[in-house]
2 protein chains.
Amino acid sequence: MQSDPDVPSPARRRTRQTIIEAAIAAWVRDRDVTLSEIADHAGTHRATLHRHFPGRADLLVASIRHSIGEIADATEAAAITQGPPVDALNRLVAAYLTVGDRIRFLFEDHTVANHPAVAQFAAVGGPVIDLIRRGQADGTIDPTVPSAWIERSMWALVYAASEAVDDGTLAAHEALPVLLRTVSDGIVRHPRRDSS
Amino acid sequence: MQSDPDVPSPARRRTRQTIIEAAIAAWVRDRDVTLSEIADHAGTHRATLHRHFPGRADLLVASIRHSIGEIADATEAAAITQGPPVDALNRLVAAYLTVGDRIRFLFEDHTVANHPAVAQFAAVGGPVIDLIRRGQADGTIDPTVPSAWIERSMWALVYAASEAVDDGTLAAHEALPVLLRTVSDGIVRHPRRDSS
DNA sequence: GCTTTCTGCGACATCAATGTCGCATATCGA
DNA sequence: TCGATATGCGACATTGATGTCGCAGAAAGC
């Protein structure tokens, strides 16, 4: 009855999403998980997984795209073109932390991070670099270091914070303030000029 | 003839070290390299590799121990129990950066990072936590965030800097100053109180 | 020089993950 | 209720990495 061959049935879409979700969760914990284990974790059968994703590579690409989409949505919601750069940056970091597991999935491993599908991610990074440069121009963000490094260090700290929450090093409620503090001001205090 | 069965021949030790070195270098780039490729990269034969390390797991453990040893040596050389905490911390970060590739090897992948052989690493981390607490006690290091998080964020930024040098985002000569700057002061500048 | 040791080389078996298929059953949508 | 679709299930072949072995040649040590 193919009402529209391009639009898969709702049921099919649901299992597809379930599998992707399970794959990301499993891959964050262990890059070497078996497709069987992913299928189990998704509450489905390995054969079904193969029906949705012919090969491991296909599932990987789908998971990457899904993650990038969510990170892009979060970035979008942070409205980083609005308001003072530092405020925007705080919103951005907070947004990143909410999708910390996706970020870890994308950058935990070079095989994934260097995947062609992640290259598309540069499109998401553009506005962020613009934001950083804007802050550097008005002096509110450190102009003495490359903007690319600022972006990189942000990612690194968000990554670390997300991981710290997962393994219990940080409590969920303290992660954001602690992260913002470290990103903004580092770890050294200068009592003479600023004792806060 | 066995002059001493516990002391392997010099030649044997050399190839062993060569293989370990090649393994770390290869694993940093790609967690899924074949033992054949590692052997090739070491300029030896796969069978020889198996003579030194019966299985992949053995080579992994040896590589982990080797890396931990070098990181421990670097930490030792930083003399972090000496002098003002902030100075010691700067020396420590600089020392970490010199062994950045080992650090990336150990923490790039959960399979390695959670390996029992890495647990021994807690022994290396003890003095670092002491250092951080010392700085928090005298007010030169941010006392408002957990010391474990400070240590974690240091690792994360060293990791990122080492990676940035490797992929060309940072030039080798600028990596250390940029890293120290970010670790110490974060990325936000506060013109009213400190315009440097 | 000679003996010991280590390495190069290639063959072989093994094993786990992957990918494919056919059929029965359950579930969804009209 | 009925037809189409999606899934569960298990069997099968394939493939690539791994680990083992024996032998011959090179290198190191005395």
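Sequence neighbours left out, the pairs with a member in residues 141-150 of chain B that pass salt bridge (charged side-chain N to carboxylate O under 4.0 Å, His left out) are A/R181-B/D142, A/R189-B/D142.
Within the model, atoms CD of B/E151 and CZ of B/R133 stand 10.0 Å from one another, a figure rounded to the nearest 0.5 Å.
Between the CG atom of B/D40 and the P atom of C/dG10 there is a distance of 12 Å, rounded to whole Å. C/dT27 atom P lies 16 Å from atom NE2 of A/H45, rounded to whole Å. Atom CG of A/L49 and atom P of D/dA6 are 16 Å apart (whole Å). We find that CZ of A/R13 is positioned 13 Å from P of D/dT7, with the value rounded to whole Å.
The nucleotide whose nearest atom lies closest to any side-chain atom of B/R12 is, among D/dA6, C/dC9, C/dT7, C/dT7.
Neither OP1 nor OP2 of C/dC6 sits under 4.0 Å from any side-chain N or O of B/H52. The phosphate of D/dT7 has neither OP1 nor OP2 within less than 4.0 Å of any side-chain N or O from A/T44. Residue A/T15 places at least one side-chain N or O closer than 4.0 Å to OP1 or OP2 of D/dT7.
Applying the side chain to side chain contact (heavy atoms under 4.5 Å, CB included) criterion to A/I71, with sequence neighbours excluded, gives A/T75, A/Y96, A/V99, A/R102, A/I103, A/L106, A/F121, A/W155.
A salt bridge links B/R104 to B/D166: at least one charged side-chain nitrogen sits closer than 4.0 Å to a carboxylate oxygen. Salt bridge present: B/E108 and B/R31 bring a charged side-chain N and a carboxylate O closer than 4.0 Å.
Counting heavy atoms from C-beta on, the side chains of B/I187 and A/L89 come closer than 4.5 Å.
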Using a 4.0 Å heavy-atom cut-off, write out nucleotides 17-30 of chain D from 5' to 3' as B (base contacted by protein), S (sugar-phosphate only) or - (no contact).
SBBBBB------S-
